[in-house]
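Beneath this line is the structure, given in C-alpha cells, with notes to follow.
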Amino acid sequence: MHVAYLNQDPGVHAGRKKGAAVHVACMQAALAELGARISPVEEQDDGAARAALEWLHAHHGLDLVYERYALSAEAGAQFARASGVPLVLEVNAPLLEEAAAE
C-alpha cells in the first residue's frame with residue numbers, strides 16, 4: 001500500500017523536536033511498520049501540495065492520503081475528490097475554535 005502523508009501545518013516540520021513533529025514522525029513509522037510505503041508531502045501551499053499528490057499518483061500510484069489537519073488546507077480533500085483516492089484526516093485539536101479565541 002502506498003500512502004501519501006500530507007502535512008501542510010506550517011509549524012510542524014520533519015525533524016523538529018516539537019511534540020506535533022514527533023507525532024508525525026511516529027505516525028509515519030507506524031504506518032511503515034504495518035507495511036505501507038510512505039511518501040511525505042510537506043507543502044504549505046495548496047497548489048504545491050496538490051501538484052505533489054498528483055505527481056505521486058501519476059508516477060507511483062497512491063492507495064491512500066493520510067493528512068494531518070491544518071487550518072485552511074484543502075489540497076488533500078481536493079485531490080481525493082478528483083482522483084478517487086481515499087483520504088484519512090487526522091484531527092488532534094479543535095483548531096477552528098482555538099484560532100477564533102486568539
Side-chain angles (χ1 to χ4, degrees):
M1 174 177 272
H2 187 194
V3 178
Y5 193 104
L6 177 59
N7 175 26
Q8 289 188 266
D9 189 329
V12 178
H13 299 287
R16 289 187 64 192
K17 300 218 185 297
K18 183 176 178 180
V22 172
H23 176 77
V24 166
C26 288
M27 286 301 299
Q28 290 176 357
L31 290 167
E33 282 182 29
L34 292 171
R37 184 176 52 152
I38 308 300
S39 291
V41 177
E42 301 270 346
E43 297 286 350
Q44 293 177 24
D45 176 73
D46 269 332
R50 184 156 178 192
L53 292 169
E54 289 170 352
W55 187 90
L56 280 169
H57 191 45
H59 291 89
H60 301 286
L62 287 175
D63 299 301
L64 178 72
V65 175
Y66 187 100
E67 179 179 1
R68 178 182 174 82
Y69 180 56
L71 286 175
S72 302
E74 298 179 1
Q78 290 172 348
F79 168 78
R81 192 176 304 116
S83 67
V85 173
L87 170 73
V88 172
L89 181 64
E90 174 190 314
V91 181
N92 291 305
L95 297 180
L96 286 173
E97 292 175 19
E98 290 176 1
E102 291 179 358

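For the numbers below, each heavy atom of this structure counts, side chains included, while hydrogens, waters and symmetry mates do not.
A pairwise comparison of heavy atoms in Asp46 and Glu74 identifies OD1-N, 2.9 Å as the closest pair. Taking all atoms of both residues into account, the shortest heavy-atom contact from Gly61 to Arg37 is O-NH2, 4.2 Å. Among all heavy-atom pairs drawn from Ala80 and Leu87, the shortest one is CB-CB, 3.7 Å.
Note that the CD atom of Glu33 and the SG atom of Cys26 stand 9.5 Å from one another [nearest 0.5 Å]. Atom CD in Gln78 sits 7.0 Å away from atom CZ in Arg81 (nearest 0.5 Å). Separation of atoms CD (Gln44) and OG (Ser72) is listed at 12.0 Å; rounding is to 0.5 Å.
Linking ILVMFWY side-chain heavy atoms closer than 4.5 Å, directly or via other members, places Val24 and Val88 in a single hydrophobic cluster. Tracing side-chain contacts under 4.5 Å through hydrophobic residues (I, L, V, M, F, W, Y), one reaches Met27 starting from Leu64; they form part of the same cluster. Phe79 and Leu71 sit in two unconnected hydrophobic clusters of ILVMFWY residues. Membership requires side-chain heavy atoms under 4.5 Å apart, directly or through other members. Taken together through direct or relayed side-chain contacts under 4.5 Å among Ile, Leu, Val, Met, Phe, Trp and Tyr, Leu62 and Val41 form part of one hydrophobic cluster. A single hydrophobic cluster is not seen to contain both Leu6 and Leu31; linkage of ILVMFWY side chains at heavy-atom distances under 4.5 Å, directly or through other members, places them apart.
Between Glu67 and Gln8 the shortest side-chain heavy-atom distance falls below 4.5 Å. Side-chain atoms of Glu90 and His23, non-hydrogen and from C-beta on, do get closer than 4.5 Å to each other. In this structure, Gln28 and Pro40 have side chains that are in contact, with non-hydrogen atoms separated by less than 4.5 Å.
Between the Asp63 side chain and the His2 main chain, a donor and an acceptor come within less than 3.5 Å of each other. With hydrogens and angles disregarded, no donor-acceptor distance shorter than 3.5 Å links the side chain of Asn7 to the backbone of Glu42.
Ring-plane geometry between Tyr66 and Tyr5 is classed as parallel, the angle between the planes falling under 30 degrees on a 0 to 90 degree scale with a further cut at 60.
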